[in-house]
There are 4 protein chains.
Amino acid sequence: MNKVILIGRLTADPELRFLPGNGRAVSNFSLAVDKDLSRDKKQEFEQQGKPTADFIRIVVFGRSAENCANYLAKGRLVAVDGRLQTRSYENAQGQRVYITEVLANSVEFLEWGDNNSAGNKRENNKGSNDSMDFSAAEGFQPVDDDDIPF
Amino acid sequence: MNKVILIGRLTADPELRFLPGNGRAVSNFSLAVDKDLSRDKKQEFEQQGKPTADFIRIVVFGRSAENCANYLAKGRLVAVDGRLQTRSYENAQGQRVYITEVLANSVEFLEWGDNNSAGNKRENNKGSNDSMDFSAAEGFQPVDDDDIPF
Amino acid sequence: MNKVILIGRLTADPELRFLPGNGRAVSNFSLAVDKDLSRDKKQEFEQQGKPTADFIRIVVFGRSAENCANYLAKGRLVAVDGRLQTRSYENAQGQRVYITEVLANSVEFLEWGDNNSAGNKRENNKGSNDSMDFSAAEGFQPVDDDDIPF
Amino acid sequence: MNKVILIGRLTADPELRFLPGNGRAVSNFSLAVDKDLSRDKKQEFEQQGKPTADFIRIVVFGRSAENCANYLAKGRLVAVDGRLQTRSYENAQGQRVYITEVLANSVEFLEWGDNNSAGNKRENNKGSNDSMDFSAAEGFQPVDDDDIPF
DNA sequence: TTTT
DNA sequence: TTTT
């Protein structure tokens, strides 16, 4: 069992890449998920310049990746359901870097507001629907780290 | 919302420390959580020497931390319920290192077998009970990173 | 382990009662949670007059109950985190009725919109905050069914 | 979003049926999931003859259903991951009965012990593996209530 | 008995 | 490197 459920806001517009081998779409973004702080603790953290959120990397594949890239933008509120994944790679300095991230099964859009930070997002969306689920589950197969150029 | 649920095996005996300030117990360990691979994919991964599990850091505080340190050992199967947390610290080389880990609310012991790797573990346990829940939730207060010497 | 996470809309304004013994607040409401249907299946269900959502009873205690009663109304979108609970009671006809419901730990408000169906709701709210979490966890103690007059 | 995760023991051997239309396997069983009671509360409940567990209906489809029927029995410990579902039907007395149950995506076996209550279970299992996951997810399609003869 |  |  490996389940993660997050509700948070995108810290930046999502990235979109395509896997070299099969052209499969991959989207990456980070979520700011508010820490569970009391009102007092939150103030204290803010005053001390300490983060009041956790920043968590999300990866999505396939059509869900494309939907994220097309409809989401910095600041948007989403619910992510997925699993924790660890990867490692060699960086430019030859050091092994360890990554823990959430491989999303589905990304649910919780807002279809107009406060859109990225002017180019959210064309042709369904409009009235405020909770559309673009599942990433369709036939997902785990992918070689080596295929992923980032 | 920030929920994580994992079932996996300890990759090593748990560590136990006490916070400088208040003496609060903190335990750290990693869990090997099997990836969701088909039988074929699993074999392929094994042949290529690729990990068939994800390795995830767990932190627990308070009495639950002490219980983990006292009753768990490398290889034990547990269910962890908690939240994802990100931290960063400066390493010896002056580089910022980012950590993603699970802050456990509760660690449920799913085995009370005899295949105990650490001979000193599992004295005075409740014996017949095979699913004891040592909640970490009692009055947990988020803690300054700076208090944590690791 | 017993975890439930739901995102859905209130099917009616929440009810608020107080336990006879200790005066503790209890709120009840139901959530319409969309079934995971393909676009085609959804249309089919609608045409056949079959429900496209599951309707799930929620119970909340304490301050969270009061917050729900004060700030929520029919149609509002919320995220509920809690545990499944079964109860039974004797009805007027002397039959035993079995109830399965979600005992909420926390109810997160995912909307602070203006399409408020209940004109008397959502006074004095925090305004700018669109994701406020009224935790029900504070010292919750399981409660005798017999204390609950419904 | 609609997620349920339970760890509990079967209250009876699982049932197995096949849907009239397509012959798809369906298995039903109930799980006893311990309530989250303090040691004192638990004793009190036991003395008063009140249940210390919640009893939750599980439905599984497809190959996972067959695996449950073949390998599980009363008393076995499992982890279930699924979604809450509500159904209703007319009973013999012409009254509408409402059912809330968990539609399982996967049933993870957490024990392969020898304390097998049903002598006919657990032939040809994988033996050494103590955490086998028979996913129910493969191409599951929501099914008409009317097709289900129970 | 149900929501957008 | 982070969001409202």
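Reminder, nothing fancy here: chain letters follow the sequence lines and each chain counts from 1. Side chains included, hydrogens not; waters and symmetry mates left out as well; all remaining heavy atoms used.
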C:Asp54 CG to E:dT3 P, in whole Å, measures 14 Å
| Heavy atoms, side chains only, cut-off 4.5 Å: are C:Leu110 and C:Ile7 in contact? | yes
Notebook entry, point to check: Contact class for A:Ala12 vs. all strands (heavy atom < 4.0 Å): base, sugar-phosphate, or nothing?
Noted result: nothing
Closest of E:dT1, F:dT2, F:dT4 to the D:Arg96 side chain is E:dT1
Between CD1 of C:Ile7 and P of E:dT4 the distance, given in whole Å, is 17 Å
C:Glu108 CD to F:dT4 P, in whole Å, measures 17 Å
- prompt: Going by heavy atoms in the side chains, are A:Arg9 and A:Arg76 under 4.5 Å from each other?
  reply: no
A:Arg57 atom CZ is separated from F:dT2 atom P, nearest whole Å, by 14 Å
C:Ser30 has its side chain closest, among E:dT2, F:dT3, E:dT1, to E:dT2
Quick one: does C:Asn67's side chain get under 4.5 Å of C:Val107's, heavy atoms only? no
note: C:Leu37, atom CG; E:dT3, atom P; distance rounded to Å ~ 17 Å
Considering only heavy side-chain atoms of B:Tyr98, the closest of E:dT3, F:dT1, F:dT2 is F:dT1
In whole angstroms, the gap separating P of E:dT2 from CG of C:Leu77 amounts to 20 Å
Review point. When you check the gap from the basic side-chain N to the acidic O, do C:Glu66 and C:Arg63 get nearer than 4.0 Å?
Key: no
note: A:Asp13, atom CG; F:dT2, atom P; distance rounded to Å ~ 16 Å
C:Leu31 atom CG is separated from E:dT3 atom C1', nearest whole Å, by 8 Å
Q.
Need one value for C:Phe29: base, sugar-phosphate or nothing, where a base atom within 4.0 Å counts as base even if backbone is also close, heavy atoms only.
A. nothing
